[in-house]
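Naming: A, B, ... by sequence-line order, numbering from 1 per chain.
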There are 2 protein chains.
Amino acid sequence: MSRREEAKTFNRARICAAAESIIRSEGMDNLTMRRLAVVAGVSLRTPYNLFGSKTDVLIALLDEAVFKFTQLGLAHSDGAAIARMLRALGQIETFFDSDETYYRGIYAAIMTSDHPEVRSTSVDRAIASARALMAEAMSNGELRADTDVQSLGRHLAITLLAVLGMWGSGFFSNRESMAQVRRAWLAVMLQHCSDTSRLMLAAAYDNPSNIGD
Amino acid sequence: MSRREEAKTFNRARICAAAESIIRSEGMDNLTMRRLAVVAGVSLRTPYNLFGSKTDVLIALLDEAVFKFTQLGLAHSDGAAIARMLRALGQIETFFDSDETYYRGIYAAIMTSDHPEVRSTSVDRAIASARALMAEAMSNGELRADTDVQSLGRHLAITLLAVLGMWGSGFFSNRESMAQVRRAWLAVMLQHCSDTSRLMLAAAYDNPSNIGD
DNA sequence: AATAGTTTTATAACATGTGTCAATAATGTT
DNA sequence: AACATTATTGACACATGTTATAAAACTATT
């Protein structure tokens with residue numbers, strides 16, 4: 001990396017750190033571009049040079065959060081594909097619990113920004129993950145052979161993202177949001193599961209508390 | 001109604017009409033408070049006096065749309081409760097199709113406004129409707145006796161609203177959005193339906209096209 | 001009709017995201 | 001070292017939602 005790129009990377013990091021610090025100590029409302037420039041020790045124009053817009057700065061913070069989460073999630077990713085998928089919900093909930101106002105604030109800010117194009121990357125990412133997991137479930141015999149795993153994976157991912165949108169708006173607690181997704185996921189999965197996974201899914205649907213632990 | 005209230009009502013209507021006209025002829029981006037004031041023939045301050053904020057003006061437009069929709073929906077509301085509930089999705093889709101950019105524009109603008117409190121009324125309304133329908137379904141014997149209709153109604157309503165949120169962002173077409181809700185609804189309903197409705201629901205789940213017509 | 005109360009208007013102002021543009025500094029290249 | 005390229009800075013400007021303030025218009029009450 002050239003020195004120019006190094007400097008850019010360093011400044012990007014400084015700006016992200018400043019943004020995070022402002023959100024934490026002064027709240028989302030006080031994250032203005034002028035304040036961000038001051039705290040980051042940079043001119044007002046620089047965040048625009050390095051990120052493009054305020055929303056893009058927030059997306060960088062969200063990416064950091066997603067990265068942190070994936071690191072956690074991969075730690076104990078053993079077991080059947082469907083079970084892992086369900087367990088992910090508990091992991092998301094735990095992750096949100098660990099820093100609720102911060103994550104919700106970032107997410108809400110991005111969602112309420114009028115840069116619609118920024119959301120499609122996370123949608124694509126989520127759909128791809130869900131499809132991969134469902135494809136794995138299929139090859140493990142966890143799903144009925146006539147299941148369209150592409151369609152199922154897409155449906156499950158959209159379910160999650162749609163509820164996350166409402167979560168970001170502050171309607172539901174972390175727990176309520178994940179319970180909503182869990183119920184929706186289990187019901188749809190029950191329509192496609194093979195006999196090997198049906199009992200587990202049916203039991204999980206009837207007793208929401210003991211899923212994925 | 002006193003003359004003062006009459007004048008207010010008249011001005012409110014003028015402002016709403018102006019807002020709708022601007023959105024239709026110049027697009028959502030050109031709906032600024034200054035332009036709205038000019039087109040409505042009113043001072044910049046008046047919309048704030050009469051509505052409170054720009055978002056509140058848009059909410060008034062959405063309320064008009066919801067009212068128009070409910071009038072349509074009630075016209076042919078016969079049949080079993082579950083069937084009516086499913087048919088509502090088709091009606092929503094038709095309604096959106098009839099004026100897509102307008103409704104989506106309003107909805108998106110409200111959703112991306114940072115007035116979170118405004119959304120709770122529509123949430124409450126949707127949950128109440130869904131609960132009423134599910135209660136009716138229960139008393140008709142369409143649901144298993146051990147079903148918690150409150151919880152089920154709430155779940156179904158949230159499913160719809162969550163997907164509507166994404167619809168507003170422009171990700172999905174009207175059809176895709178409703179198909180997503182339909183699939184989710186059918187799967188969950190299949191977990192709670194009695195034998196009388198199971199066949200219809202299972203058939204609908206397997207063949208998404210012939211629902212609610 | 002006179003007075004008091006309320007609403008609208010006109011104008012200005014403020015904060016914010018974002019853009020412009022020239023000047024300056026830093027870096028890469030010869 | 002000299003030049004060219006690129007990045008940052010600073011100062012300003014603009015559009016927008018929103019608020020402030022005082023004057024004017026309107027309505028209600030006596």
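Picking from C/dT18, D/dT18, D/dT8 the nucleotide with the shortest atom distance to the side chain of A/Asn11 gives D/dT8. Listed candidates were C/dA10, C/dG17, D/dG17. Nearest to the side chain of B/Met33 is D/dG17. Closest to the side chain of B/Lys54, out of D/dT18, C/dG19, C/dT9, is D/dT18. For B/Arg34, taking side-chain heavy atoms from C-beta onward, the closest of the listed nucleotides D/dT16, C/dT8, C/dG17 is D/dT16.
Here A/Leu36 lies out of heavy-atom contact (under 4.0 Å) with every strand.
Residues A/Glu20 and A/Glu64 form a side-chain contact, since some pair of their non-hydrogen atoms from C-beta on lies under 4.5 Å apart. Contact check for A/Met178 versus A/Trp185: no side-chain heavy atoms found under the 4.5 Å cut-off. In this structure, A/Asp29 and B/Asp114 have side chains that are not in contact, with every pair of non-hydrogen atoms separated by 4.5 Å or more.
Here the side chain of B/Gln150 pairs no donor or acceptor atom with the backbone of B/Arg131 at under 3.5 angstrom.
In this structure, A/His115 does not reach the C/dG17 phosphate: none of its side-chain N or O atoms is under 4.0 Å from OP1 or OP2. An OP1 or OP2 oxygen of D/dT9 is reached within less than 4.0 angstrom by a side-chain nitrogen or oxygen of A/Thr46.
For B/Leu50 and D/dT18, the CG to P distance is 15 Å, given to the nearest whole Å. The NZ atom of B/Lys8 sits 12 Å away from the C1' atom of D/dT27 (whole-angstrom rounding). Atom CG in A/Leu44 sits about 13 Å away from atom C1' in C/dA15, given to the nearest Å. Atom CE of B/Met28 is separated from atom C1' of D/dA15 by 16 Å (rounded to the nearest Å).
Side-chain atoms of A/Asp56 and A/Ser53 form a donor-acceptor pair, as typed in the model, at a separation below 3.5 Å. Residues A/Gln180 and B/Thr159 have side chains that bring a donor and an acceptor to within less than 3.5 angstrom of each other.
B/Phe96 and B/Tyr103 have tilted rings, their planes meeting at an angle from 30° to 60° on a 0 to 90° scale.
Along DNA chain C, the nucleotide nearest to A/Arg45 and the one nearest to A/Asn30 differ in position, and the one closer to the 5' end is contacted by A/Asn30. The residue among A/Asn49 and B/Thr55 whose nearest nucleotide of DNA chain D is located toward the 5' end is A/Asn49.
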I'd like a table of atom pairs between the protein and nucleotides 26-30 of chain C - only N or O on both sides, under 3.5 Å - with the distance next to each one.
{"residue": "C/dA26", "atom": "N3", "partner": "A/Arg4", "partner atom": "NH2", "Å": "2.9"}
{"residue": "C/dT27", "atom": "O2", "partner": "A/Arg4", "partner atom": "NH2", "Å": "3.2"}
{"residue": "C/dG28", "atom": "OP1", "partner": "A/Arg3", "partner atom": "N", "Å": "2.8"}
{"residue": "C/dG28", "atom": "OP1", "partner": "A/Arg4", "partner atom": "N", "Å": "3.2"}

